[in-house]
Amino acid sequence: MIPTPYYLIDKSALLRNLQIIDHVREYAGAKVLLALKCFASWSVFDLMQPHMDGTTSSSLYEIKLGRQKFGGETHAYSVAFAGHEIEEVVIHCDKIIFNSVSQFERFESLAGDKPKGLRLNPGISCAGFDLADPARAFSRLGESDVARILSVVERLDGVMIHNNCENRDFARFDALLSEVEARYGEILHRLSWVSLGGGISFTAPGYPLDAFCERLRRFAEAHGVQVYLEPGDATVRGTTTLEVSVLDTGFNGRNLAVVDSSTEAHMLDLLIYRETAPIGCGQGEHAYQICGKTCLAGDIFGEARFDQPLQVGDRISIGDAGGYTMVKKNWFNGIHMPAIAVKELDGSVRVVRTFSFDDYVNSLS
Ligand SMILES: *Cc1c(COP(=O)(O)O)cnc(C)c1O
C-alpha cells in the first residue's frame with residue numbers, strides 16, 4: 001500500500017473532462033489552454049496534450065514549464081513582467097499578453113514579431129469573493145478604459161478577459177459576455193483573437209454545453225476572432241483526491257479525527273475561501289469532523305459520515321483536491337508533504353513524486 005498522505009490523480013476522471021473540452025473545441029471552434037496556475041502536474045500532460053491546444057501562464061516559470069512539458073501553444077501572461085525576465089519570456093512563448101498599456105509600451109519592441117495581447121478589465125465579474133474578484137474596486141488586473149485601449153489597438157493582435165470565477169450559471173456567463181460586447185464592440189472586431197479566460201464551470205454535470213458552444217461560436221463570428229478558453233479548475237474538477245490516514249480520534253462535543261495532512265499546507269483554498277472538502281459519500285451513522293495535523297486551530301477539512309467508528313490507521317479520501325492544491329502546497333509546520341500518484345487508465349496506481357526531509361531543508365536556508 002502507498003504510504004499516506006498522497007494526492008491521487010485519476011486519469012479516467014481526467015479523460016472525462018478532456019472529452020468535454022474536445023466537444024467544446026469541435027462545436028465552438030474555440031482553442032483551449034490549460035491554466036498552469038491551477039494545475040501543473042506534468043506527469044499527466046501526456047494524457048492532456050491531444051485534448052488541449054497548449055497552456056497559459058502567470059509567470060516566467062509557468063511559461064517555461066508549459067513550453068518544456070506540455071508544448072502546443074504557449075501563452076505568456078503576467079500581472080507584471082520584470083525587465084530581466086522579458087527576453088526569456090519572449091523566447092519561450094507563442095503569444096505575449098500584457099496586463100497594462102504601460103507594460104505593453106515598455107516591452108512591445110522586445111517582443112519582436114510575437115503576437116501581442118492586452119488584458120482588458122470590463123469591470124464586471126461573477127466572483128463572490130472580493131479577494132478573487134478581478135473587477136474589485138481599484139483592480140490592477142487589466143485595462144478598462146476604452147479610449148486608452150483604442151490608443152494601442154492597432155498594435156495589438158488580441159485581448160484576454162478573465163472575469164468569470166467558478167461560474168456554473170450559463171445565463172450569467174452569457175449576460176457577462178453580452179456586456180463585454182456592448183462595452184468593447186469597437187475594439188473586438190479589430191483583433192484576431194480573444195481569450196475569455198477561465199472560471200467557467202463547463203465540465204460540471206448538467207452544464208448546458210450546446211448553448212455554451214453556440215454562444216462562443218456566435219461571439220467568434222460576430223467579431224471575426226479566434227476564441228480561446230483558459231480553464232484551470234474546469235479541467236481538473238473531480239479528478240483528484242488527497243489520500244490520508246487517521247492518526248488520532250477524540251470527542252469534544254463532537255467526534256473528531258486528526259489525519260496526516262493539513263488544509264493550510266495541502267489544500268489551502270479551503271481556508272482562503274472558507275469551504276469544506278467533499279469527503280467520501282458515506283451516509284453512515286458515525287459523523288466526524290476531519291481535522292488536519294498542524295497547530296492551526298481552524299485546520300479542518302470538513303465533515304463526513306462513516307458506517308463504523310473511525311480507528312487509527314483508517315484511510316480517508318478527501319475529494320476535489322486537483323485544482324490549486326499541488327501548485328500551492330507548502331511546508332507549514334514542517335509536516336510531511338503528500339506524494340503525487342497517478343491512477344492509470346487500466347486502474348494501476350503509480351507514485352510519480354515523493355518528498356522528503358531534504359526537500360524541506362532545501363526549501364529554507
Ligand atoms: C486563474 C486564471 C485562469 C484559470 O481560472 P480557473 O478558475 O481555474 O478556470 C485562467 N486565466 C487567467 C488569466 C487566470 O487568472
Side-chain angles (χ1 to χ4, degrees), residues 1-10 37-41 43 129 131-132 166 232-233 236-282 286-306 309-343 349 351-364:
M1 246 206 309
I2 299 169
T4 59
Y6 61 98
Y7 300 98
L8 179 60
I9 307 168
D10 181 351
K37 81 161 193 268
C38 172
F39 182 84
S41 300
S43 288
F129 257 89
L131 181 67
E166 293 199 23
D233 209 45
V236 296
R237 68 176 300 285
T239 66
T240 302
T241 54
L242 176 59
E243 301 292 319
V244 300
S245 295
V246 175
L247 299 178
D248 194 14
T249 61
F251 182 84
N252 195 359
R254 63 207 305 190
N255 291 316
L256 312 173
V258 178
V259 300
D260 53 359
S261 179
S262 154
T263 55
E264 176 145 43
H266 308 150
M267 286 184 75
L268 182 59
D269 278 11
L270 293 178
L271 290 188
I272 296 181
Y273 299 108
R274 294 163 199 249
E275 290 169 351
T276 53
I279 306 170
C281 51
H286 302 277
Y288 282 84
Q289 185 168 71
I290 306 301
C291 311
K293 66 172 278 178
T294 68
C295 58
L296 179 73
D299 188 357
I300 297 164
F301 286 98
E303 307 277 325
R305 305 188 74 90
F306 301 90
L310 285 178
Q311 310 280 341
V312 169
D314 283 353
R315 290 194 171 211
I316 298 175
S317 280
I318 297 173
D320 251 346
Y324 300 98
T325 53
M326 289 169 271
V327 292
K328 286 192 169 192
K329 61 189 169 7
N330 61 67
W331 288 108
F332 183 56
N333 269 221
I335 66 171
H336 196 98
M337 189 168 275
I340 300 174
V342 174
K343 188 171 187 183
V349 175
V351 176
V352 294
R353 174 71 69 211
T354 56
F355 300 94
S356 66
F357 172 65
D358 288 344
D359 294 309
Y360 169 58
V361 172
N362 289 328
S363 75
L364 297 163

**Request:** Please assess V246 against V258 for the test side-chain contact (heavy atoms from CB on, under 4.5 Å), listing each intermediate value before the final yes or no.
**Result:** CA-CA 6 Å; V246 175; V258 178; over 6 Å; no

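- Between L296 and F332, the shortest heavy-atom contact is CB-CE2, 4.4 Å.
- Every residue two or more places apart in sequence or in another chain that forms a ring pair (Phe, Tyr, Trp, His ring centres under 6.0 Å) with Y360 is listed here: W331.
- A distance of 7.0 Å separates CD1 of I290 from CD1 of I318, quoted to the nearest 0.5 Å.
- Taking OG1 of T354 as the start and CG of D359 as the end, the distance is 7.5 Å to the nearest 0.5 Å.
- In this structure, the separation between NE2 on H266 and NE2 on H336 is 8.5 Å, given to the nearest 0.5 Å.
- Checking T239 against D10 by side-chain atom types alone, no donor-acceptor pair falls below 3.5 Å.
- For the pair N333 (side chain) and E264 (backbone), a donor-acceptor distance under 3.5 Å is absent.
- In this structure, the side chains of Q289 and I300 come closer than 4.5 Å at one or more pairs of heavy atoms.
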**Item:** Residue pair S317, T241: steps toward the side chain to side chain donor-acceptor pair (under 3.5 Å) verdict
**Value:** CA-CA 6 Å; S317 280; T241 54; 4.5 Å; no

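- Comment: K328 engages D269 in a salt bridge, judged by a side-chain N to carboxylate O separation of less than 4.0 angstrom.
- The side-chain heavy atoms of I335 and D260, taken from C-beta on, include no pair separated by under 4.5 Å.
- Taken to the nearest 0.5 Å, the CZ atom of R305 stands 11.5 Å off from the OH atom of Y288.
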**Asked** Can R237 and D320 be said to form a salt bridge (Lys or Arg N to Asp or Glu O under 4.0 Å), step by step?
**Response** CA-CA 6 Å; R237 68 176 300 285; D320 251 346; 5.6 Å; no

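- Looking at every heavy atom in both residues, F301 comes nearest to L242 through CE2-CD2, 4.1 Å.
- Shown here is K329, whose NZ atom has more than 12 heavy atoms of other residues, nucleotides or ligands within 6.0 Å.
- Closest approach of T294 and S262 over heavy atoms only: CG2-OG, 3.1 Å.
- How far CE of M326 is from OG1 of T240: 4.5 Å, rounded to the nearest 0.5 Å.
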**Message:** Before you tell me yes or no, could you show the steps for Y7 and E243 under side-chain contact (heavy atoms from CB on, under 4.5 Å), namely the whole-Å CA-CA distance, both residues' side-chain angles and the distance that decides it to 0.1 Å?
**Reply:** CA-CA 6 Å; Y7 300 98; E243 301 292 319; over 6 Å; no

**Message:** Let's go through T263 and L268 carefully: what are the C-alpha distance in whole Å and the side-chain angles of both, what is the deciding distance for side-chain contact (heavy atoms from CB on, under 4.5 Å) to 0.1 Å, and is it a yes or a no?
**Reply:** CA-CA 5 Å; T263 55; L268 182 59; over 6 Å; no

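- Nearest approach of C38 to V327, heavy atoms of both residues: O-CG2, 3.6 Å.
- Counting heavy atoms from C-beta outward, L8 and V349 have side chains that approach closer than 4.5 Å.
- Contact detail for Y6 and P338: the closest heavy-atom pair is CA-CB, 3.9 Å.
- In terms of heavy-atom proximity, M267 sits nearest to T325 at CG-CG2, 3.9 Å.
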**Request:** Please assess V312 against L247 for the test side-chain contact (heavy atoms from CB on, under 4.5 Å), listing each intermediate value before the final yes or no.
**Result:** CA-CA 5 Å; V312 169; L247 299 178; 5.9 Å; no

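- If you take OG1 on T249 and CG on N255, they are separated by 8.0 Å, rounding to the nearest 0.5 Å.
- Of the residues V352, I9, I340, the one that meets the side chain to side chain contact (heavy atoms under 4.5 Å, CB included) test with S43 is V352.
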